[in-house]
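Scroll down for the structure; my scribbles are underneath it.
All figures in this text were calculated on a predicted structure; none of them were measured in a lab.
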Amino acid sequence: MAEIVQQRIEDRIPELEQLERVGLFTKKEVKSIIKKSTALEYKLHRLIINKEDFIAYIQYEINILELVKKRRVHIHYHFKRQDIEFPIIHRINSVFRRATNKWKDDVQLWLSHVAFCKKWATKGQISKVFSAMLAIHPDKPALWIIAAKSELEDRNSSESARHLFLRALRFHPNNKKVYQEYFRMELLHCEKLRKQKKELEQAEMDMGEYEFSPEILSGKLAEVVYRDATGKINDAEFVISLLNIAAIFDFTKELQDSILQDLQTNYTEESVTWDFMAKRELEAPGAGEELQSAKGRASDIDRREERCCQVYEEGVKSLHTEPMWTCYAAFCLERLKRKTNVQELKEKRQERLLGVLQRAHNSSLLKEDYYKKWLQILISSADVEGAASVAMAVPQRYNQSVSMWTLSLQTLMQLGSGDVGRLFQDAFKHINPKESLPLWQLLVQWSVANQSPEETEAVFKRGLLSAVVAVAMEIKESYLDWSYSTGGYKKVRKTFTSLQESRPFSKAFFTRMIQIEKEQDTPKMNNLRDYYERALQEFGTSDDDLWLQYIQEELGALGRPENCGKIHWRAMKFLEGESVERFISRYTLLQTGHL
C-alpha cells in the first residue's frame, strides 16, 4: 500500500512544482498539500474503505482547484492550465470513478460526479459518466431525463438527446414524465432550427449546405412523439400537459389545434377535459373599447365567466359525476375570491356559486369540503334560513362523518337554532363512539351556554360512562373546570372526590386540581400532597416532571424540605428507562439552583 501511495504523491510533483514556480502557491503551502494528500491517499488504500474518505479526498482536491482559480485572477496569470488544472481534474475523475464503482447504488454520488464534470471537465466526460450511471440505474426515469437534457443543453446534441429518450422509453414505455420531456425536447430542437434558418436568411447566406426540412420546422417530430405517447397513455390530464407544453412555442398552432381536437373527441368522459375547455374561455379576446372603464372591464370579465359556465353546464349534463361538479364549484369559488370593486360582478359571482352548490347538493354529488364554504357564504350574507336549511341537510348526506356533524352543529349553535339538542342525539346514534370526542366537546360547550346547571351536570355524568378512554378523560377535566367556575372550591373538591377512584385518569386531571388548590387564599399542603400522591400512583413510573414538581412543592413555603429525600428515593425506585436519567440530571440542576 505504501508503494502505491508514494507513487501517487510522486505523480503530483510536476504540477506542484509548476504551482510554486509560477507563484500561485508558496513552498510552505506545497509542503502542506503533500502532507494532507498523503494522509488522504492512505485512507483510500486501506483494507476497509469508507465512502466519506473518498468524498473528503474529492472535496480537498476541488478546494485546491477553486483556490488556484482565485489566485490566477489575483495575480493575472492564465497560462500552464494543461500542466496545473488538467492533472487535478483527471485525478478527481479517477477518484469519482473508483467511488461509483464501489458504491454503485448511490445516485447522489453519480450526480455529484456529473455536477463536477459540468463545472470543470470536458463535455465528452459528462457523456461517459451518464452512460455508466444509466447502465447501473436504467430503472430511474429521472436520470434518463437529466442525461438527455444535458446532451441537449451542454453538448448541443439533439440527436444524442433523442437517442437517450428512445432508450428511456424502452425501459419506461408508459412513463408520462419521459414523454413530456421528450415532446418538449423535440419542440426546442425545432425552435432552434427555425432560429438558425431565420439568422441565415437575414444574413443573406447561401443555405445550400444546410438542410431545413419543412416537416421538421413545422414540428412534425413532436407530433410523432405526441401520437406515440397518447397511443400508450390514455389520460386526459396527460394530453392537457402536452398541450400546455406546445402552447409555450409560437409555431405550434396546428399541433395545438390537433391536440385540442383529440381532447374534445376522445376524452369527454373525464372531468379535467371539461374543466380545461371551460377555463380556456377566460383567455378569449375581449372588446377593446369596453376595457377603458372599470365597469367595461367588469362586464367583459362577466361575459367570459358566463361562457365558462356554459361549458361547465354542458359538462355536468354530459358527465353527471362528483368530480365534474367539484370542478364547476371550484371554478365558481375561485372567481368569487378574486377582488373586484364592482359590486354587481361580486354579487353575480356569489349567486352563481350558491346556485352550483345547491344543484350539486340536490344531486348528492357535492364534496364534503364545499359544505363549510357554502355555510360561510350564507352566514356572511345574513341568509339565516338558508344556512339553517343547509346545516340540517349536511348530516343526512354524510351521516357517519364526524367533521360534517360538527360543522352542522356549530352552524346551528351559531344561529341559535332550537334543533341542536335533538341533532346531538342523532349524531351519537350514527357516529362511531371511538371518533365521538369532538361531538362531546361541542355538546359540553353548548350545554354550558344554553342549559341549566342540572342538565349540564347530567351531560358530564353521561360522558363519564363512555367506554372510550379519550372521551372519559376529557370529560373529567372539563367537569372539574365547570364545577370550579359554577360552584367554587367546595364544588370542585366534591367533584374531584367523586372522580378520584374511577379510572381512566389523565395527568391534566390532577395538575388542574393542584393548580386550583394553589389559587386559594390559604392552600392546604395536605390536599396538595394527596393530589400528587394520586397522580404518582398513575404516572410515577414514567413522568419524571411530576416527581420534580412534588419536590419543588415541598421546598416551597408550605412544604417540609425534610420530605424531599424520601420523595427522591421513591422516584429513583419507581421511574423506569430514560426517565431515570432525565430525573437525575434535572434534580442536580434543582439542587444547584439552575432549575
task = Classify the ring geometry between Phe54 and Trp103 as parallel (under 30°), tilted (30 to 60°) or perpendicular (over 60°).
result = perpendicular
message = salt bridge (charged side-chain N to carboxylate O under 4.0 Å, His left out), that's the test. Do Glu191 and Arg194 meet it? Break it down for me.
response = CA-CA 5 Å; Glu191 186 180 49; Arg194 290 171 73 90; over 6 Å; no
Side-chain donor or acceptor of Asn101 paired with backbone N/O of Arg97 under 3.5 Å = yes
inquiry  = Assess whether a salt bridge exists between Glu29 and Arg71, defined as any Lys/Arg side-chain N lying under 4.0 Å from an Asp/Glu carboxylate O.
reply    = yes
key: Gln264 atom CD, neighbour heavy-atom count above 12 within 6.0 Å   = yes
Which side-chain N or O atoms in residues 107-114 pair as donor and acceptor under 3.5 Å with protein atoms at least two apart or in another chain?
{"from": "Trp110", "atom 1": "NE1", "to": "Lys104", "atom 2": "O", "distance (Å)": "2.9"}
{"from": "Ser112", "atom 1": "OG", "to": "Gln108", "atom 2": "O", "distance (Å)": "2.8"}
{"from": "His113", "atom 1": "NE2", "to": "Asn93", "atom 2": "OD1", "distance (Å)": "2.8"}

key: Ionic contact status for Glu334 with Lys337, cut-off 4.0 Å   = no
query = Does Ser150 reach the main-chain N or O of Ile146 with its side chain, forming a donor-acceptor pair under 3.5 Å?
reply = no
query = Does a side-chain N-to-carboxylate-O contact under 4.0 Å join Arg335 and Glu305?
reply = yes
query = With distance as the sole criterion, is a donor-acceptor pair present between the side chains of Gln261 and Asp257 under 3.5 Å?
reply = no
request  = May I ask you to check whether Asp228 and Tyr179 show a side-chain donor-acceptor distance below 3.5 Å?
outcome  = yes
Modelled atom types, side-chain donor and acceptor of Gln310 and Arg307, under 3.5 Å = no
task = Report yes if the distance between the aromatic ring centroids of Tyr398 and Trp405 is under 6.0 Å, otherwise no.
result = no
task = Start with the C-alpha gap between Lys176 and Asp235, add the side-chain angles, then the distance that decides, and say whether salt bridge (charged side-chain N to carboxylate O under 4.0 Å, His left out) holds.
result = CA-CA 10 Å; Lys176 294 178 184 178; Asp235 178 49; 2.9 Å; yes
ask   = With distance as the sole test, does Thr273 use its side chain to make a donor-acceptor pair with the main-chain N or O of Thr268 at under 3.5 Å?
value = no
ask   = Should Trp325 and Ser271 be marked as a side chain to side chain contact (heavy atoms under 4.5 Å, CB included) after you check the CA-CA gap, both sets of side-chain angles, and the distance that decides it?
value = CA-CA 9 Å; Trp325 279 105; Ser271 58; over 6 Å; no
inquiry  = Listing request: all salt bridge (charged side-chain N to carboxylate O under 4.0 Å, His left out) pairs with a residue in residues 258-273, at least two apart in sequence or in separate chains.
reply    = Arg227-Asp262
ask   = Is any NZ, NE, NH1 or NH2 atom of the basic residue among Glu159 and Arg162 found under 4.0 Å from an Asp or Glu carboxylate oxygen of the other?
value = yes
ask   = Is the NZ or CZ atom of Lys149 positioned over Trp144's six-membered ring, under 6.0 angstrom from the centre and within 45° of the axis?
value = no
request  = Considering non-hydrogen atoms only, spot the tightest contact between Ala222 and Leu187 and give its length.
outcome  = CB-CD2, 3.6 Å
request  = Output all residues satisfying side-chain contact (heavy atoms from CB on, under 4.5 Å) with Asn50, sequence neighbours left out; order by chain, then residue number.
outcome  = Arg46, Glu52, Asp53
Per-pair distances, 0.1 Å, donor-acceptor, side chain in residues 365-375, under 3.5 Å, sequence neighbours excluded:
{"from": "Glu368", "atom 1": "OE1", "to": "Ser401", "atom 2": "OG", "distance (Å)": "3.3"}
{"from": "Glu368", "atom 1": "OE1", "to": "Ser403", "atom 2": "OG", "distance (Å)": "3.4"}
{"from": "Tyr371", "atom 1": "OH", "to": "His361", "atom 2": "ND1", "distance (Å)": "2.7"}

inquiry  = Taking the basic N atoms (NZ, or NE/NH1/NH2) and the acidic carboxylate oxygens, is any pair closer than 4.0 Å for Arg184 and Glu181?
reply    = yes
key: Carboxylate-amine/guanidinium contact Arg352 Glu306, below 4.0 Å   = yes
task = Evaluate the side-chain proximity of Arg12 to Arg91: yes if any heavy-atom separation is below 4.5 Å, no if none is.
result = yes
Table please: side-chain donor-acceptor pairs of residues 126-135 below 3.5 Å, with sequence neighbours left out.
{"from": "Ser127", "atom 1": "OG", "to": "Glu151", "atom 2": "OE2", "distance (Å)": "2.7"}
{"from": "Ser127", "atom 1": "OG", "to": "Arg155", "atom 2": "NH1", "distance (Å)": "2.9"}

key: salt bridge (charged side-chain N to carboxylate O under 4.0 Å, His left out) contacts in which one or both residues fall within residues 353-365, not counting sequence neighbours   = Glu313-Arg359
ask   = Does the side chain of Asn156 come under 3.5 Å of the side chain of Lys192 through a donor N or O and an acceptor N or O?
value = yes
ask   = Can a donor-acceptor pair be found between the side chains of Tyr328 and Asp275 at a distance below 3.5 Å?
value = no
